[in-house]
Amino acid sequence: MIAARAHHGSAALRHVVLIASSLFILMPFVWMVSLSIKSPQEAFQQTISLIPSVFYGHENYQRAFVDVPLLRFMGNGLLICISVLVIQLAIAAPSAYALAKLEFRGRDAIFAMVLVGLLIPHQVLAIPLFILFNKIGILNSYASLILPGVISPFGIFLLRQFFKAVPDDLIHAARLDGLSELSIVWRIMVPSSMSAVIAFSILSVVSRWNDLFLPLIFIQDQQLLTPPAGIMLFRSEEAGNSYGPLMAAATLIVAPLLIAFLIAQRRFIEGLTVSGLK
Amino acid sequence: MANVSATDITKIFGGTSVLNSVSLDVRDGEFLTLVGPSGCGKSTLLRIIAGLERQNFGSIAIDGKAVDAVRPKMRNVAMVFQSYALYPYMTAEENIALPLVMRKLTAWQRLPLIGSWMPGARARRAEIAREVQDVANALGLGPLLSRKPSQMSGGQRQRVALGRAMVRHPDVFLMDEPLSNLDAKLRVQMREEITGLHRRLGATFIYVTHDQAEAMTMSDRVAVMKSGDILQLASPQQVYSDPENIEVAKFIGSPQINLIPSIVNEKAELEIFDMKVAGILPASIRPGMSVTIGLRPEALKLALDDSSDGLLAHVTYVESLGSDSYIHAKLVDRTTAVIARATPAEAATIGNGTRVRLRFSPKEALIFSDNGERLRSNNCLPILRKVGG
């Protein structure tokens, strides 16, 4: 009885902590959505209220599309996210297969370098990349946003951990069945590790979609901006009072990610937890 | 159809040798079993024949041609794995079809979505589907073709794995403990099916197992392996009744062969505790040597204690299997344990603690030297040595 009560007590505490921390994380999002449907006057009121007295959402969301080419920005974002993801997977999957299942001299050293790559923040590379891109003349282009992300040490690492768990017999069977090493990667390893591929895809798309750093450094042409960089334009136009449209635009660019995540949530969590165990 | 020969195969893993210059000739159409305890190198040898692992020294030839530089897929061998190694996200049909898809379709024709629009792809796909259907019918897999491996039982997965091996009509089938994940009843049934398959296909089968019952019942010849060496390669009957050395005698046969220490006296007789046996020793044996006598459980005949003939023993346990009974007993030194096979009627007259005499015909005694080598005398076992030799 006492044990059961203690168990209930700890469960309650656990929930309180979880709810408090999730509220803490959710609050800015809730505030963003709330601001996006408030009038400019109400947005600057001293009192805090989540539900606006006048629903102003229509005007804010309309201005989000009219004041800046938001659809164009989202198109840019989509193009860049997909290009980066496709190239990342095309490089990471064969690399991960080699590191997980093939035996060659220097394999461990190369894997150690991948791990070191995980530790390098991409800001550190910004200036060398800027100089390099300037020299080869691809500054202010889609390529300058795509190329810096195409080799993902995290992708290689995550897939390698999953590929290691694929039984060797499966690869042996595939070799006897006539598959080349590259066919083994695409026909055997990747489908066997779909959870990891999906988890990695979500992480990759989210970080690329939300990235503000690279567009700010490499892009001058407004037509090439990605959504987060694009909505910065609201700030510079009329100082301060277009928070409503800004928040509306922010809500709009977060929405696709939220929807994608909710759809793939289970596979995503599977993908990351299994890699934690192995 | 093809014969397979391995010549002086040596394989070293991290400094330890797992195969010590092993040579083996498998005849065309033969069912040969590699049997031995785990770690004896049998699976490694099979993988080297398949080309999945490279030997450090030696050569593999299939159908008379050296294949050491040939990739696994070009060796025209198929393999069935202990874990079945089915592709988990493909249906049974896709699993069986894959070897044909990889061989009969071009890279363009294999592309998803657009592949089927490539010229000739549809006709070839239809041909593959027909062949898969034929194999599925032969194995009774028809209704299961659309299932994934996770929706099938162990026996069904095993059949799919066999189907995937059969579908491209290889010259050589390699099987790596294919039945060890099945339950006992299914294992017996699949043994029969695999030997039936061997007869029908007429292909060369090399079969790896640690289960001596599989080795004895299925094979034309058995290679008994231990610690990276082939100890004996002969027919199942011969490795049982005429083992080359004590390791083979111990590994083959269940219950295990009885091993009884013995000494040669100055009259050139064997002294086994209180019993003396004359006339079965090879000429090379000198008085004073110690040897080990091997006697199969069925070679020991029970007699009651009142006779003075045979080895005196105390029964410790009577194990009844219905058709037979095994009498476990200790000899007079109270440490040497022996097992004798008896009929249920004989077993009914004795219980724990009964003193019995165990008799045997000297012809059935196998004599081993201290280093485990078989000692054959010229005038005994003439009949047995003919078998399969």
Side-chain angles (χ1 to χ4, degrees), chain A residues 82 85-86 89-90 93-94 96-98 100-108 159 161-201 264 266-268 270-271 274-275 278, chain B residues 13-14 43-44 46-54 70-90 94-105 107 110-112 148-149 160-168 170 172-178 181:
Chain A
I82 289 176
L85 180 63
V86 166
L89 286 175
Y97 171 65
K101 292 292 183 187
L102 301 183
E103 277 172 31
F104 54 93
R105 202 183 290 259
R107 182 178 75 168
D108 294 343
L159 291 183
Q161 299 308 93
F162 264 76
F163 288 179
K164 262 207 136 20
V166 174
D168 285 343
D169 274 355
L170 215 54
I171 296 167
H172 289 157
R175 284 193 187 135
L176 285 165
D177 283 346
L179 275 71
S180 66
E181 296 301 299
L182 272 179
S183 313
I184 290 176
V185 173
W186 299 115
R187 283 177 170 264
I188 311 295
M189 305 308 277
V190 168
S192 305
S193 313
M194 220 47 209
S195 308
V197 172
I198 288 173
F200 171 68
S201 302
R266 224 192 52 187
R267 301 293 292 269
F268 177 74
E270 226 171 70
V274 176
S275 76
K278 281 184 177 147
Chain B
F13 278 126
S43 287
T44 307
L46 197 72
R47 275 154 214 267
I48 288 173
I49 293 171
L52 298 171
E53 263 170 50
R54 280 296 285 273
V70 178
R71 287 169 158 275
K73 62 175 172 178
M74 306 300 287
R75 293 190 181 191
N76 206 12
V77 300
M79 190 151 164
V80 179
F81 295 86
Q82 178 179 4
S83 60
Y84 318 134
L86 297 178
Y87 309 117
Y89 45 88
M90 293 185 196
E94 290 165 333
N95 263 288
I96 297 174
L98 190 67
L100 295 181
V101 168
M102 296 312 292
R103 282 178 168 74
K104 298 200 168 185
L105 297 181
R110 285 200 301 266
L111 282 180
K148 294 205 170 153
V160 175
L162 278 175
R164 187 175 63 182
M166 277 164 64
V167 77
R168 60 191 165 89
V172 182
F173 282 82
L174 306 174
M175 304 205 172
D176 191 1
E177 311 222 8
N181 285 353

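Numbered from 1 within each chain, the chains take letters A, B, ... in sequence-line order.
Scanning all heavy atoms of the two residues, the minimum distance from A:Asp169 to B:Ala85 falls at O-CB, 3.6 Å. Of all the heavy atoms in B:Met79 and A:Leu176, the pair that sits closest is CB-CD1, 3.2 Å.
Proximity of A:His172 to B:Arg47: side-chain heavy atoms (C-beta onward) are separated by under 4.5 Å at one or more points.
In this structure, chain A has no heavy atom under 4.5 Å from any part of B:Met74. Interface remark: B:Val80 contributes no atoms to any contact with chain A (heavy atom separation under 4.5 Å). Residue contact with chain A, scored on non-hydrogen atoms closer than 4.5 Å, involves the backbone and the side chain of B:Tyr87 alike. When heavy atoms are compared at a cutoff of 4.5 Å, B:Leu174 does not approach chain A at all.
Not one N or O on the side chain of B:Arg71 forms a donor-acceptor pair closer than 3.5 Å with the backbone of A:Gly178.
Atom-to-atom distance recorded for B:Ile96:CD1 and A:Asp177:CG is 11.0 Å, nearest 0.5 angstrom.
Chain B is approached within less than 4.5 Å, heavy atom to heavy atom, by A:Ser183, A:Arg187, A:Ile188, A:Pro191, A:Ser192 from residues 183-192 of chain A, ordered by number.
Residues satisfying the salt bridge (Lys or Arg N to Asp or Glu O under 4.0 Å) criterion with B:Lys73, sequence neighbours excluded, are absent altogether.
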- Task: Show your working on side chain to side chain contact (heavy atoms under 4.5 Å, CB included) between A:Leu179 and B:Leu98 and close with a plain yes or no.
- Result: CA-CA 9 Å; A:Leu179 275 71; B:Leu98 190 67; 3.7 Å; yes
